[in-house]
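Notes follow the structure.
Numbered from 1 within each chain, the chains take letters A, B, ... in sequence-line order.
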Amino acid sequence: MAINMRYVVDGSDFTTAGEASTAVKMKLKKLGIAPDIVRRVAIAMYEAEINMVIHAGGGVAEVELESDKIIIKLIDHGKGIADVDLAMREGYSTAPDAVRNLGFGAGMGLPNIKKYSDEMHIDTEVGKGTTVTIIINLQ
Amino acid sequence: MAEFHSVTLDFDKCRGCINCVKRCPTEAIRVKNGKAFIISERCIDCGECIRICPHHAKKAVYDKMSVIEGYEYRVALPAPSLYPQFNNLDSIDYVLDGLLRIGFDDVFEVAGAAELVSEMTRSMMKRSDCPKPLISNACPAIVKLIQVRFPKLLPHLHTLQPPVEVAARLARERAVKKSGLPADKIGVFFISPCPAKVTALRHPAGGERVVDGVLSISEVYMALLPEMKKIERPQAEQISGISGISWSYTGGEATALLLPHYLAADGIENSIKILDEIENDKLGGIDFVELDACFSGCVGGCLCIENPYIARTKVRYLRKYQPVTMSHLADYPGKEEKDFLFEDEVEYDPVLELASDPVKAMEIMLQIEEIEKKLPGIDCASCGSPTCACFAQDVATGKAELNDCVFLMKKELEGKLSGKEQNDGKATV
């Protein structure tokens with residue numbers, strides 16, 4: 001048994017970024033998932049959602065909830081990540097100044113996702129897009 | 001056993017419209033068989049339904065003034081939001097004196113106790129074990145909201161009793177000394193701006209009841225007004241200054257902490273949004289968070305009379321020549337912080353969970369999704385549930401029938417009718 005959720009993340013609007021992770025958070029609370037895990041999912045997914053808006057012009061968030069884990073895939077068709085190791089470094093950011101002025105793009109997005117997830121995969125190709133997969137165990 | 005709620009329904013006045021159903025921030029109201037009903041465990045007593053009901057079918061239950069007659073010595077605890085209900089008030093002393101004229105033997109200002117709470121909070125926040133941000137517990141509707149929806153934030157809730165409880169304890173001790181009567185002959189009564197405080201004080205989360213009754217500002221106001229006009233020189237003396245009186249509106253509690261990094265917000269939706277941000281670690285650098293369910297804070301409570309914005313203006317006028325603070329912990333020898341700490345932690349109340357068993361909860365959620373696909377998604381609430389998503393959940397949990405949806409019924413009827421027409425057509429050929 002698994003529950004699937006799918007959200008389109010609008011890349012043109014900063015103010016609505018985070019709606020998908022908020023919706024997922026509410027569903028997990030309804031399912032009685034432990035508050036600690038709900039919080040980790042919400043933070044990791046929010047960071048990834050924001051990343052998609054900043055760097056890739058939006059995309060799709062697919063969430064699959066299984067009995068023992070939650071798998072979150074954020075799929076975009078943006079410019080891709082040239083150097084994943086560099087991107088994973090705390091404080092490293094390629095966000096434009098306009099975005100930084102809004103308080104985003106501090107270079108903590110990917111490191112935070114890693115910190116709050118049990119597993120994280122980045123599948124990326126320059127010019128084609130990126131899929132970030134976040135896995136958080138429910139136990 | 002059904003829990004007590006101040007917010008109740010007048011069955012005869014209810015016409016079964018959906019105004020309250022749509023407004024309720026916790027989706028706690030449904031219309032069934034032409035009448036609204038409140039799902040008790042979801043209600044946070046915010047009073048939104050009372051404000052919106054065009055037929056005045058939603059009411060707050062509180063104690064009538066006559067309740068004080070059952071006690072030999074009666075103490076009034078006026079909320080700071082009582083003061084700005086009056087026009088052209090130069091001094092709080094008139095209100096306090098008025099209370100002594102309408103049947104009370106003593107008055108203990110909650111605004112004075114609020115100053116003590118601010119003083120103790122300031123020193124607690126200097127300590128390293130104080131959670132950041134510390135979230136105020138003065139609004140009981142917000143405490144209930146955190147309890148049902150934000151369990152991760154429970155450790156951030158303030159552990160000090162709110163001003164009304166501090167006032168009640170100090171007032172009772174003073175009354176015993178002053179009157180020489182045994183404690184059970186003394187009645188302590190809070191004059192409340194809202195139903196949430198009525199509920200919280202009648203059935204406190206900590207278990208111990210500190211007041212003997214909760215009156216409403218609106219009713220006490222009516223009794224006070226004619227008496228206050230007779231006062232030439234008030235005898236009573238206030239024990240609160242600017243910082244205590246300012247607790248009556250949003251931001252008053254937070255500014256009294258004299259900290260640069262605080263956040264004060266009003267309205268349930270804004271509060272939910274901010275709690276979400278704190279839960280997601282998005283609100284760094286904030287030391288204190290004050291949230292009020294009512295717009296403008298306590299002056300916006302639905303047991304108040306004056307418009308909240310006019311009331312705020314009156315508070316500013318009233319504060320003009322006041323000292324900053326008039327009550328200090330040092331005025332109460334032997335009293336210290338630990339005398340006013342809650343003994344028990346506030347616990348998570350998982351009323352939003354679909355089932356206690358996660359597998360069962362998942363099954364229900366899958367059912368909900370299937371049902372939702374059939375619904376029009378226009379959230380018209382004609383079925384009696386606030387949204388299509390909520391209706392789907394009600395159907396999946398056996399609390400509603402799918403054919404309560406008027407759109408599905410219409411479709412079904414149209415299908416039957418066109419089928420009949422075809423049959424009729426065949427019959428005539």
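At least one side-chain heavy atom of A:K29 sits less than 4.5 Å from a side-chain heavy atom of B:F150. Contact of the B:I364 side chain with the A:K30 side chain is not registered, since no non-hydrogen atoms from C-beta on lie closer than 4.5 Å. In this structure the side chain of A:Y116 reaches within 4.5 angstrom of the side chain of B:D281, judged on heavy atoms.
Residue contact with chain A, scored on non-hydrogen atoms closer than 4.5 Å, involves the backbone and the side chain of B:V359 alike. Of the atoms belonging to B:K282, it is side-chain heavy atoms, and not backbone ones, that fall under 4.5 Å from chain A. Using a 4.5 Å cut-off between heavy atoms, A:T22 contacts chain B through its side chain alone, with no backbone atom that close. Heavy atoms closer than 4.5 Å to chain B are found nowhere in A:I33, neither backbone nor side chain. With a 4.5 angstrom heavy-atom cutoff, B:E369 touches chain A only via side-chain atoms. When heavy atoms are compared at a cutoff of 4.5 Å, A:D36 approaches chain B by way of both its backbone and its side chain. Both the backbone and the side chain of A:K27 come within less than 4.5 Å of a heavy atom of chain B.
Options B:K360, B:E363, B:R149, B:K152 differ in how many heavy-atom pairs under 4.5 Å they form with chain A, and the most are formed by B:K152. Heavy-atom pairs under 4.5 Å with chain B peak, among A:S67, A:A42, A:P35, at A:P35.
More than 12 non-hydrogen atoms from other residues, nucleotides or ligands lie less than 6.0 angstrom from CD of B:E41. Open room surrounds NZ on A:K114; 12 or fewer heavy atoms of other groups in view lie less than 6.0 Å from it. For NZ of A:K128, the number of neighbouring non-hydrogen atoms (other residues, nucleotides, ligands) closer than 6.0 Å is 12 at most.
Separating the CD atom in B:E279 from the OH atom in A:Y46 is a distance of 14.0 Å, to the nearest 0.5 Å. With rounding to the nearest 0.5 Å, the separation of CD1 in A:I3 from CG in B:L366 is 4.5 Å.
Residue pairs satisfying the salt bridge (Lys or Arg N to Asp or Glu O under 4.0 Å) criterion with at least one member in residues 77-98 of chain A, sequence neighbours excluded, are absent.
Considering every non-hydrogen atom in both A:L65 and B:M362, the closest pair reads O-CE, 3.2 Å.
For the side chain to side chain contact (heavy atoms under 4.5 Å, CB included) with B:N280, the qualifying choice from A:R39, A:E47, A:M45, A:K25 is A:K25, the only one to do so.
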